[in-house]
Amino acid sequence: MYLERLLTIVETVSVASADAGLSVAEIAEATKFPKASIYRQVHDLVEAGLLEPGDRGRYAIGLRTKRLAGREPFDQTVLRMATPLLKKAVQQHGATFFISHLTGDTVEIIHAEVPDTGVSFLHPGIGARPLHACSCAKVIAAFSNSDALLNAMKRRLRSYTTHTKTELGDLEREFQIIREHGFAECVEELENGVCSVAAPVVTDRNQIAYSLGATATTRVFSESMRERMGQVSSELCRELASMMDGAPGDASSVKAGQV
């Protein structure tokens with residue numbers, strides 16, 4: 001049965017080293033399944049968030065598997081480190097700041113901090129964001145070498161506004177600009193009147209699973225302000241990456257791509 005094979009693969013990877021993971025060849029050797037069929041099965045498990053791709057074609061258990069197993073996801077550790085940074089940025093710059101996480105081939109906003117001034121501020125919401133039309137997702141896609149991530153983006157090129165880029169050539173050029181600048185922008189690509197910027201959290205092992213950013217209306221986030229917030233977000237990401245590198249169960253447990 002196909003399901004039985006998937007469960008066997010997850011179990012096999014789960015008992016392997018959490019840091020190193022297993023390659024397709026090692027999974028085939030351990031399970032005695034044909035190597036040719038394992039490629040498709042591993043792909044399906046990554047799509048479901050049950051496995052996560054890592055360095056040099058290796059795979060580790062995914063966040064969804066950890067949640068099903070009752071383990072505290074590394075997200076909680078990262079949030080404890082990131083929240084004070086986001087709060088400080090909100091106080092200093094008066095904008096809404098957020099953190100996002102790559103799970104499988106989906107980028108989700110997992111936490112946001114808004115100014116506490118008694119005035120209503122934009123809140124980006126919690127949950128999945130399109131890889132081609134939101135700064136927090138675009139910056140991870142641009143810096144990631146994950147073929148699975150880029151292929152997932154190609155399948156989901158939905159137009160949200162007249163500003164949404166849905167041509168691969170346009171996105172490839174934008175991704176090059178993102179890599180050069182170090183942060184991504186989203187200017188009314190997901191919602192009219194709203195824009196955001198985000199930078200990648202790059203650990204000392206060049207692994208990218210998180211991004212930090214800020215959002216506001218297009219009136220507030222002018223081009224010069226977006227440039228400033230991009231630099232602020234980049235500095236926050238460097239601070240968080242430094243903290244993550246020294247944390248127990250470090251970023252290797254949430255690896256997603258390599259620069």
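The structure displayed is predicted, hence computed values, not measured ones. FYI, the numbering just counts along the sequence from 1.
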Identify every side-chain donor-acceptor pair in residues 213-220 under 3.5 Å, counting partners at least two apart or on other chains, and give the distances.
unit_1	atom_1	unit_2	atom_2	d
T215	OG1	C195	O	2.9
T217	OG1	V220	N	3.3

message: Within the 4.5 Å heavy-atom criterion, are F97 and Q92 side-chain neighbours or not?
response: no

field: Passing candidate, side-chain hydrogen bond (donor to acceptor under 3.5 Å, both in side chains) with E189, options K138, H132, H163
entry: K138

query: Roughly how far, to the nearest 0.5 Å, is CG of L102 from SG of C136?
result: 10.5 Å

task: Enter the distance from C237:SG to L212:CG here, rounded to the nearest 0.5 Å.
output: 4.0 Å

- prompt: Side-chain heavy atoms under 4.5 angstrom apart, residues restricted to Ile, Leu, Val, Met, Phe, Trp, Tyr: same cluster for Y160 and V187?
  reply: no

task: Answer yes or no: are there more than 12 heavy-atom neighbours, outside E235 itself, under 6.0 Å from its atom CD?
output: yes

- prompt: Given the rule that I, L, V, M, F, W and Y join up when any side-chain heavy atoms are under 4.5 Å apart, are V78 and F98 in one cluster?
  reply: no

- prompt: Sequence neighbours excluded, which residues qualify as side chain to side chain donor-acceptor pair (under 3.5 Å) partners of Q176?
  reply: R179, E180

- prompt: Rounded to the nearest 0.5 Å, how far apart are NE2 of H111 and CD1 of I126?
  reply: 7.5 Å

field: Under the side-chain contact (heavy atoms from CB on, under 4.5 Å) test, residues paired with I177 that sit two or more places apart
entry: H181

message: Tell me whether R156 is salt-bridged to D105, with the criterion being a basic N under 4.0 Å from an acidic carboxylate O.
response: yes

message: Working to the nearest 0.5 angstrom, can you tell me the gap between F175 CZ and L150 CG?
response: 7.0 Å

- request: Quick one: list whatever passes side-chain contact (heavy atoms from CB on, under 4.5 Å) with S234, sequence neighbours left out.
  value: F183, A199, R238

- prompt: Checking side chain to side chain contact (heavy atoms under 4.5 Å, CB included) for the pair L3/L7: CA distance, chi angles, key distance, verdict?
  reply: CA-CA 6 Å; L3 178 58; L7 291 173; 4.2 Å; yes

- line: dist H93:NE2 -> M229:CE (nearest 0.5 Å) comes out at 5.0 Å

Partners meeting side-chain contact (heavy atoms from CB on, under 4.5 Å) with L85 (sequence neighbours left out): L236, E239, L240, M243

- request: State whether a side-chain donor-acceptor pair under 3.5 Å links S222 with S224.
  value: yes

Spacing of CD belonging to E108 relative to OH belonging to Y210, to within rounding of 0.5 Å: 11.0 Å

message: Could you go through L157 and L168, starting from their C-alpha distance and side-chain angles, then the distance that decides it, and tell me whether this counts as side chain to side chain contact (heavy atoms under 4.5 Å, CB included)?
response: CA-CA 9 Å; L157 295 177; L168 288 177; 3.8 Å; yes

- prompt: Between T96 and L122, is there a donor-acceptor pair closer than 3.5 Å when you use the side chain of the first and the backbone of the second?
  reply: yes

- prompt: Can you name the residues that form a side-chain contact (heavy atoms from CB on, under 4.5 Å) with Y39, not counting sequence neighbours?
  reply: V24, K35

